[in-house]
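Take a look at the structure set out below.
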Amino acid sequence: TKTIALMLGDGIVPSNTGEGYLARLVIRRCLRRLHMLKAEVPLSELVLMQVKYWFYDYPSLARNREYIARIVELEEKRYRSTLTRVSSTVPRLKRKTLNIDELVELYDSHGIPPEIIKEELRKYGVEVIVPPNFYEIVASRHAKPSSLKDLEKTKLPKDVARWATQFPETRRLFHEDPYVRRFKAKVLGVHGRYVVLDKTAFYPEGGGQLGDSGYIIVDNIKYRVVDTQKTGNVIVHILEHEVNDEILLNKTVEGIIDWQKRYRRMRHHTATHIFLGALRKVLGEHVWQAGAEKTEHKARLDVTHYELPSKDTIDQIEKLANTVIDEARPVRILYLPRNEAEKLYGFTLFQGGVPLEPTLRVVEIPGWDAEACFGTHVRNTCEVGAIKIVNVEKIADGVIRFEYVAGPVTSEYASGLESKLDNIATKFGGSRQDIELRVSSWFEQFNTLRELVRKYRELWLKNELELLKNKFVRIDSLEVLYYAPPVEDQEVIRRLIQLLARDRPNAVVLVLTPLSKDQTLFEISLGREASRIINAKNIIKDLARIFGNKVKGGGKKDHAMGRAALSSVELRKALDSILRNMLKQN
Ligand SMILES: [Zn+2]
């Protein structure tokens, strides 16, 4: 219980991967022990006792007390619902010998610990061997790839990345001044579509922000740059087409970046720093960035959190983020030695993974958020304009995805919603202004009509039953009715044939609905006595024997349905002779 308190106090959210999985594992083992001891005390109570005992030494325990209690309760609830599933799952396994993979699968997908399976299966005389290092095996299968590796990822082909290492570090104009859109630089190298300059304002993909596009101009000829990537400290511009290296090599070129796209990304990127700060304030300190992407269209932030936030909580987050925009706080860039930065801001700096450099580039919104970040940001939070959350979803256990738009994209988003609303309004024959009124009046009408239809169905059913009474034909001991429904109303037809078969124990009701001249749907329903003499499923089998692939269907012995590539007349003939045959054999 001390381990659980400390892990959760550090902000770990139980999940199915990495450290989150370890937390879940420890909690489940603990619950298992309690269960074996037949202890009635809730685990959260025990963990909170640890919090009370240790909070002087570990202040994070006191700060996150509520979160710790909430998580333990949630996990305990989950575990209990698992135990109720055991009784339905385990008996199915009694004829099998379970190997380690199956045990892990049962644990992962159904949450059933192997000790319980072992115990339950012993009742059936089946022995299960659980390896002593079972949980070690499970944990190792859920290990997350280190985030250090992710930082090294580059989209450049291997040979290009290798070629690029010969060049000195590219001067980063986009860091010196993120507002530079035009610049002059010297071409150091050309390799097919790939160009290296001595300095550049083109931002290379990184930290969830996409690489810049734009143009490189030389001798009045424009070369389209479609993407920018980085390998080590060298920045590589990717052209749309291959270029003869003599045209560019050692020339002084002018670079122009697609500013609108880039500026929107800067605003979405800065919005993400503001947003993460708001999430940590509203949801709690356990919120950690699990993934991020900033494009010109929107920003996406995946964070660790144990449940989908409510509408109210989402509104609160959005409001808080917009307050920080309104406060016009500066966005400062600091270059600090690693140790100093960690001392100042703590490990929450490393939201995007732990960088390897001794000097960190820290992006700070004073009093709100500080992260080690490579990206481009605006100078002041007010430049973000506004933030609107457009989507919140749970993408994995313990991971919540937020998508939001900023700046002019919020207005585009609103326009998009308005035109959707207009489309709906047109369908309802009104305008955006009176849509609510119209929809509710449509609903009223709809409900009235539905009630009316229900009454008509009852009436029709009664009449039809009365009419069909005299349409049954005797074949031997059976009373057979061929019926072609006059309306396509599955629900009411189904009830009709149920009633027909219920009231006549010897009834054989054959519903044939022609779809076209050689396509017929059919349904067979047998009364209680009739189903002792003949079998509906076998009727379909007989049809299939005669017509092969043309007939498809199935069902039970008193009710079956299918589809035949036959006219209803042909099908009726065939059914008639099958019935007579069946009776003869009886
Ligand atoms: Zn950033």
Side-chain angles (χ1 to χ4, degrees), residues 1-51 54 61 64-93 98-123 128-144 286 288 290 304-308 394 396-400:
T1 49
K2 184 185 171 191
T3 310
I4 295 173
L6 287 173
M7 280 180 111
L8 297 179
D10 280 344
I12 293 179
V13 177
S15 72
N16 281 332
T17 53
E19 65 279 359
Y21 196 71
L22 288 180
R24 173 161 292 164
L25 217 57
V26 177
I27 294 172
R28 283 197 183 159
R29 289 211 81 178
C30 208
L31 288 165
R32 174 83 192 120
R33 296 282 150 191
L34 285 174
H35 182 77
M36 279 160 69
L37 291 166
K38 305 217 179 332
E40 295 286 324
V41 54
L43 180 58
S44 54
E45 217 166 277
L46 298 178
V47 175
L48 285 179
M49 283 165 78
Q50 293 284 9
V51 172
W54 289 107
L61 290 181
N64 298 318
R65 192 179 177 281
E66 265 170 56
Y67 167 74
I68 295 168
R70 175 114 180 79
I71 287 291
V72 176
E73 277 165 21
L74 268 176
E75 289 292 308
E76 195 164 4
K77 221 161 94 191
R78 265 195 195 147
Y79 183 77
R80 300 240 171 272
S81 77
T82 299
L83 290 186
T84 57
R85 252 175 293 151
V86 167
S87 49
S88 67
T89 311
V90 168
R92 278 194 275 127
L93 305 169
L98 294 169
N99 61 30
I100 174 74
D101 290 326
E102 286 164 310
L103 286 175
V104 172
E105 164 71 14
L106 279 166
Y107 187 72
D108 277 349
S109 331
H110 304 279
I112 307 174
E115 301 89 0
I116 294 189
I117 294 173
K118 185 174 175 168
E119 207 173 278
E120 288 291 314
L121 283 178
R122 191 171 284 157
K123 294 180 192 164
V128 176
I129 299 155
V130 180
N133 62 341
F134 176 81
Y135 291 100
E136 214 176 286
I137 295 169
V138 172
S140 72
R141 291 189 187 188
H142 286 267
K144 222 174 11 184
H286 60 276
W288 201 269
T304 53
H305 187 56
Y306 49 88
E307 65 181 359
L308 200 64
K394 186 172 164 176
D397 205 15
V399 183
I400 307 295

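Position 1 is the first residue of the sequence, and the numbers go up from there. Quantities reported herein were computed from a predicted structural model and do not represent experimental measurements.
- In this structure, Met36 and Arg32 have side chains that are in contact, with non-hydrogen atoms separated by less than 4.5 Å.
- When all heavy atoms of Thr1 and Leu46 are compared, the pair lying nearest together is CG2-CB, 3.9 Å.
- Below 30°, between 30° and 60°, or above 60°: for His286 and His305 the angle between ring planes is below 30°, a parallel geometry.
- Considering all non-hydrogen atoms of both residues, Ile12 and Ala23 come closest at CG2-CB, 3.8 Å.
- Taking both residues in full, the closest heavy atoms of Glu73 and Ser44 are given as CG-OG, 3.8 Å, listed atom of the first, atom of the second, then distance.
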Run Leu8 and Asn64 through side-chain contact (heavy atoms from CB on, under 4.5 Å) and show every step you take.
CA-CA 8 Å; Leu8 297 179; Asn64 298 318; over 6 Å; no
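- To the nearest 0.5 angstrom, Leu25 atom CG is 9.0 Å from Met7 atom CE.
- The pair Arg70-Glu307 counts as a salt bridge, with a side-chain nitrogen and a carboxylate oxygen less than 4.0 angstrom apart.
- Interatomic distance, OH of Tyr306 versus CG of Asp397, reported as 13.5 Å (0.5 Å rounding).
- Distance check: Tyr79 OH to Arg28 CZ gives 8.5 Å after rounding to the nearest 0.5 Å.
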Run Asp101 and Val104 through side-chain contact (heavy atoms from CB on, under 4.5 Å) and show every step you take.
CA-CA 5 Å; Asp101 290 326; Val104 172; 5.6 Å; no
Stepwise side-chain contact (heavy atoms from CB on, under 4.5 Å) test for Tyr67 and Val13
CA-CA 10 Å; Tyr67 167 74; Val13 177; 3.2 Å; yes
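- Between the CD1 atom of Ile27 and the CG atom of Leu22 there is a distance of 11.0 Å, given to the nearest 0.5 Å.
- Gly9 approaches Leu61 most closely through the heavy-atom pair CA-CD2, 4.1 Å.
- Here the straight-line distance linking atom NE2 of His35 with atom CD of Glu40 works out to 10.5 Å at 0.5 Å rounding.
- When the shell of 6.0 Å around CZ of Arg33 is examined, it contains 12 or fewer heavy atoms from other residues, nucleotides or ligands.
- Of all non-hydrogen atoms in Leu31 and Glu75, the two that sit nearest each other are CD1-O, 4.1 Å.
- Without hydrogens or angle criteria, Thr304 side chain to Trp288 main chain gives a donor-acceptor distance under 3.5 Å.
- Listed here is the closest heavy atom pair of Ile68 and Ala5: CD1-O, 3.8 Å.
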